[in-house]
2 protein chains.
Amino acid sequence: MSGKEKVTIYDISKKLNVSAATVSRALNQNPKISVKTRELVAKTAAEMNYKQNRLAQALKSGRTNNIGVIVPYINRSFFSSVIRGIEEELRPHGYHVIICQSHEEVSNEVEQINTLLNTQIDCIFMSVSKTTQNSDHIKKVLEENTPLVFFDRKMEVPGVSSVVIDDFKAGFMVTEHLIKQGCTRIAHLSGESNLEIYKYRHEGYCAALEKYGLDYVPEYVIKANSKIESGIEAVTQLWDLELKPDAIFAAGDYVALGAIQELRDRNIKIPEEVCVAGFSNEPFTKYMELPITSIDQTPQLMGKIAAQVFLEQVKQNQTITIEKKVVLPPELFVRDSSDRGLK
Amino acid sequence: MSGKEKVTIYDISKKLNVSAATVSRALNQNPKISVKTRELVAKTAAEMNYKQNRLAQALKSGRTNNIGVIVPYINRSFFSSVIRGIEEELRPHGYHVIICQSHEEVSNEVEQINTLLNTQIDCIFMSVSKTTQNSDHIKKVLEENTPLVFFDRKMEVPGVSSVVIDDFKAGFMVTEHLIKQGCTRIAHLSGESNLEIYKYRHEGYCAALEKYGLDYVPEYVIKANSKIESGIEAVTQLWDLELKPDAIFAAGDYVALGAIQELRDRNIKIPEEVCVAGFSNEPFTKYMELPITSIDQTPQLMGKIAAQVFLEQVKQNQTITIEKKVVLPPELFVRDSSDRGLK
DNA sequence: TTGTAGGCGTTATCAA
DNA sequence: TTGATAACGCCTACAA
C-alpha cells in the first residue's frame with residue numbers, strides 16, 4: 001500500500017529499452033539526442049511520475065541549489081523582508097533558501113556556518129551578529145570557495161561582496177532634516193554595539209552638525225540598545241541636562257518609540273518642542289496616531305540585489321571570485337513626529 | 001593556494017592504513033570498533049579538517065535533515081514567528097529549515113511542494129494559501145510518505161497533523177469581552193476567503209451573541225480583506241446603517257486599524273462610543289497611543305509544537321503515520337481600544 | 001545517436 | 001574488530 005517506490009531513470013530506461021544514460025540526456029536537453037527519443041522519454045517520465053532526485057544530482061555536480069541565510073532573528077521585520085527579497089530573486093533560478101538564526105551570538109554564527117558548509121550550500125548570505133568581532137569563521141567560508149555575500153551588517157573581509165545602505169548618508173539626511181525643522185540641539189541615540197552601521201549613522205550625524213555649524217555636544221550622544229526601554233532611559237538621562245535637546249535622532253525605531261513615550265509622559269509636545277526621528281521604517285512607525293519619521297532601508301530590494309550579486313558570481317567562471325560592494329540609497333520618510341512643515 | 005580539496009573518509013583511511021568502512025564506523029560511534037581506533041580516527045579527522053558530506057549521507061539514507069516550510073509571505077509577523085519557532089525547535093536535532101512562499105496562490109503552493117519533494121525534505125510544514133480549494137496536491141505529499149504538518153491555516157485531510165489555535169474560542173472571547181464592556185450592537189469584520197480560521201472566528205462570535213441573548217444582525221457582518229482600506233470601507237458601510245454598531249470585532253489587526261482610523265476621522269470616541277478589537281496581536285497593536293485589543297496566536301509556540309509533532313512522528317517507526325491535532329488556547333490582550341474598565 | 005562504465009561520499013551487508 | 005563490496009540516483013567521458 002502507498003507503494004511510492006521511487007521512480008529512477010533506470011526504471012524509465014528499462015521500460016523503454018534504452019540505457020539510463022540516454023534517459024538522463026533526454027531529460028537534460030542534451031543536444032546529442034534524437035528528438036524522437038527525447039519526446040518519448042519525456043512522455044514516459046511523466047506517465048511514470050518520475051521526479052529527478054536533486055540529491056543525487058547534487059552529489060554528482062557538487063552544487064545543491066540550496067543557499068543559506070544567517071540573520072540574528074528571522075522574525076524581525078527587516079530581516080524577514082531581506083530574506084523575502086532573496087527568496088523571490090533566487091527561486092526562479094531553482095534555488096532553495098535555508099534560514100539560520102545567530103541570536104546575536106558569534107558562537108552560533110560559527111556553528112551555523114559549519115553546518116551550512118557541510119550541507120554544501122552554494123552560497124551564504126549573512127548579516128553579522130552584534131557580538132561578532134573577528135572574521136576567522138568568515139575566512140573559513142572563503143577557504144571552501146563558497147561564495148559569501150554580506151547584507152546590511154557587514155565586515156571588512158577581502159574578497160567578500162556586500163550590499164548595504166548608505167548609513168552615513170542616512171544619518172546625514174535625518175540630521176539635516178531635523179536641523180531644517182529649526183532644531184539646534186540634536187541628541188543622537190546610537191547603537192550600543194560596534195557594528196559599522198551605527199558608526200556610519202553617527203558619522204553622518206556629525207557631518208550634518210558640522211555642515212550647519214552646530215556644535216557636537218558629547219552629552220547628547222547616548223548608546224542605546226534597540227529596545228523601547230533604552231529610549232525611555234535615554235530621555236530620562238537627557239532631560240537631566242541643563243540644556244535639553246530639541247530633537248532626537250534614534251538609530252532604531254524602537255528606541256525612538258521609547259523616547260516618544262517618555263517625552264509624552266513628561267508632557268513635552270512633539271514635534272513642537274522636540275522633533276523625533278527613528279531608523280528602519282518598522283511597520284508600526286507609520287501606523288501610530290503620531291507617525292514616526294524614519295529611514296527606510298529597502299530591505300526587500302537589498303535581498304534582491306544580494307541575490308543578484310551571487311547570481312553574477314555564479315555566471316562567471318567558478319574560480320574567479322569577484323568582490324562587489326553595493327551601496328543602496330536610503331529613503332527618508334518624514335512623518336508627524338518631526339514635521340513642522342518646514343523644508 | 002585555496003586548495004581546499006575536499007577531505008573524504010578515504011583520505012583518512014589511506015593515512016591511517018585502515019579501510020574507509022572503519023573510518024565511517026569510528027566517526028559514527030558504531031559500537032563495533034575499538035576505542036583506540038575510534039580515537040585515532042577522530043583525532044586524524046580533526047587534523048585533516050574533515051567535514052562529513054551530508055549530501056552523500058542523505059543520498060544513502062534517504063534523509064536529508066532538511067525540512068520545508070510553506071507560508072504565504074515570509075515577512076508577515078505571524079509567519080516569520082512561527083518559522084522561528086520551528087527553526088529553534090528543530091536545529092538542535094540537526095535539521096535545516098527551507099522556506100517557501102506561496103504568495104497566496106495555490107499554483108505556487110503546488111510548485112513549491114513539488115520542488116520540495118524532489119529535494120527530498122524530511123517534512124513539510126505549511127499554512128495553506130487563501131486561494132487553496134482542493135487538496136490534490138496535499139495528497140501527493142502523503143503518497144510520497146513525506147510527513148506533513150499544517151499550522152494555523154489547515155485543511156481537513158485524513159492523515160495530516162495540524163497545530164492551530166482555537167479560533168472559535170478566540171472569536172467567542174473577543175465578542176464576550178465586548179459584550180461585557182456594555183456593547184450590544186457588535187459588528188464583525190470577517191475574512192473574505194473561505195479559510196477555516198475565519199469561519200471559526202465568526203462562529204465564535206455568533207455563539208457569544210447567542211449566549212448573551214443578542215440578535216445576530218446580518219448587516220453587521222462584513223467580509224474584509226485584511227487590509228487597512230478594507231477596515232475603512234467597512235466602517236463607511238456600517239455607518240450608513242440606521243442603527244450603528246457600538247463595537248467592532250475585526251478578524252485581523254490591519255482591518256481593525258483601518259476601522260479605528262475611519263472612526264477617528266468621524267470623531268467617534270474609542271472606546272467610549274465604540275469599542276474595537278482586532279486579531280493576531282501584530283506588534284503595532286500594543287505600540288499605538290491607543291493600543292488595540294487583540295488575540296495573540298502564540299505563533300512561536302505554534303511553530304515549536306508543530307516541530308514537536310514532526311519529531312514524535314520521526315521517532316515512531318517510519319511506516320506508521322500518526323495524525324495529531326493540536327489546538328492551542330488563544331490569549332486575549334485587552335487594551336485601550338476596548339477597555340471601559342468593566343469586567 | 002546511443003551504450004558502457006566509473007565515480008560523487010557514505011553506509012550497510014557480508015565475510016574474514 | 002576490521003575489510004571488501006555494493007548501493008543510493010545521477011551524470012559524463014569514452015567507446016561503439
Going by modelled atom types, is there a donor-acceptor pair between the base of D/dG3 and the side chain of B/R25 at under 3.5 Å? yes
Under the 3.5 angstrom rule, does the side chain of A/E89 hit a backbone N or O of A/G303 as a donor-acceptor pair? no
Contacts of B/V23 and B/Q120 projected onto DNA chain D by closest heavy atom; the upstream (5') one is B/V23
Without decimals, in angstroms, what is the distance between B/K32 NZ and D/dG3 C1'? 14 Å
Determine the contact category for B/N17: base if any of its heavy atoms lies under 4.0 Å from a base atom, sugar-phosphate if only primed atoms, P, OP1 or OP2 are that close, otherwise nothing. sugar-phosphate
What is the distance, to the nearest angstrom, from the CZ atom on A/R38 to the P atom on C/dT1? 9 Å
Salt bridge present between B/K325 and B/E156 (N-O < 4.0 angstrom): yes
On the nucleotide C/dT10, are OP1 or OP2 found under 4.0 Å from the side-chain N or O atoms that B/Y50 carries? yes
Using a cut-off of 4.0 Å on non-hydrogen atoms, how would the nucleic acid contact of A/T37 be classed: base, sugar-phosphate, or nothing? sugar-phosphate
Starting at atom CG of B/L55, determine the distance to atom C1' of C/dT11, rounded to an integer number of angstrom. 15 Å
Between D/dT12 atom P and A/N30 atom CG, what is the distance in whole Å? 8 Å
Report the distance from atom NZ of B/K6 to atom C1' of C/dC8, rounded to the nearest whole Å. 11 Å
Distance-only, no hydrogens or angles: does the A/S162 side chain make a donor-acceptor pair with backbone N or O of A/F150 under 3.5 Å? no
If only atom types and distance count, is the side chain of A/T131 paired as donor or acceptor with the main-chain N or O of A/E104 below 3.5 Å? yes
Using a cut-off of 4.0 Å on non-hydrogen atoms, how would the nucleic acid contact of B/I9 be classed: base, sugar-phosphate, or nothing? base
Taking for B/K51 and for A/A21 the nucleotide of DNA chain C with the nearest heavy atom, the one nearer the 5' end belongs to A/A21
Donor-acceptor pair under 3.5 Å: do we get one between A/K60's side chain and the base of D/dC10? no
Atom-to-atom span, CE of A/M48 to P of D/dG9 - whole angstrom: 13 Å
Under 4.0 Å from OP1 or OP2 of C/dG9: is there any side-chain N or O of B/Q57 that close? no
Donor-acceptor pair, distance only, cut-off 3.5 Å: does the side chain of A/E323 make one with the backbone of A/G159? yes
Below 4.0 angstrom from OP1 or OP2 of D/dC10, is there any side-chain N or O of A/Q52? no
Within the pair A/S19 and C/dG3, is there a side-chain N or O less than 4.0 Å away from OP1 or OP2? yes
Between the side chain of B/T298 and the main-chain N/O of B/L301, is any donor-acceptor distance below 3.5 Å? no
May I ask you to say what A/L59 touches in the nucleic acid, namely base, sugar-phosphate or nothing, with a heavy-atom cut-off under 4.0 Å? base
Rounded to whole angstroms, how far apart are CD1 on B/I12 and C1' on C/dT11? 15 Å
Is B/N28 close enough to C/dT11 that one of its side-chain N or O atoms is under 4.0 Å from OP1 or OP2 there? yes
Nearest whole Å is fine: how far is D/dC11 C1' from A/I33 CD1? 13 Å
Side chain of A/S24: nearest nucleotide among C/dG9, D/dG9, D/dC11? D/dC11
Considering every strand and a 4.0 Å limit on heavy-atom distances, what is the contact class for B/S34: base, sugar-phosphate, or nothing? sugar-phosphate
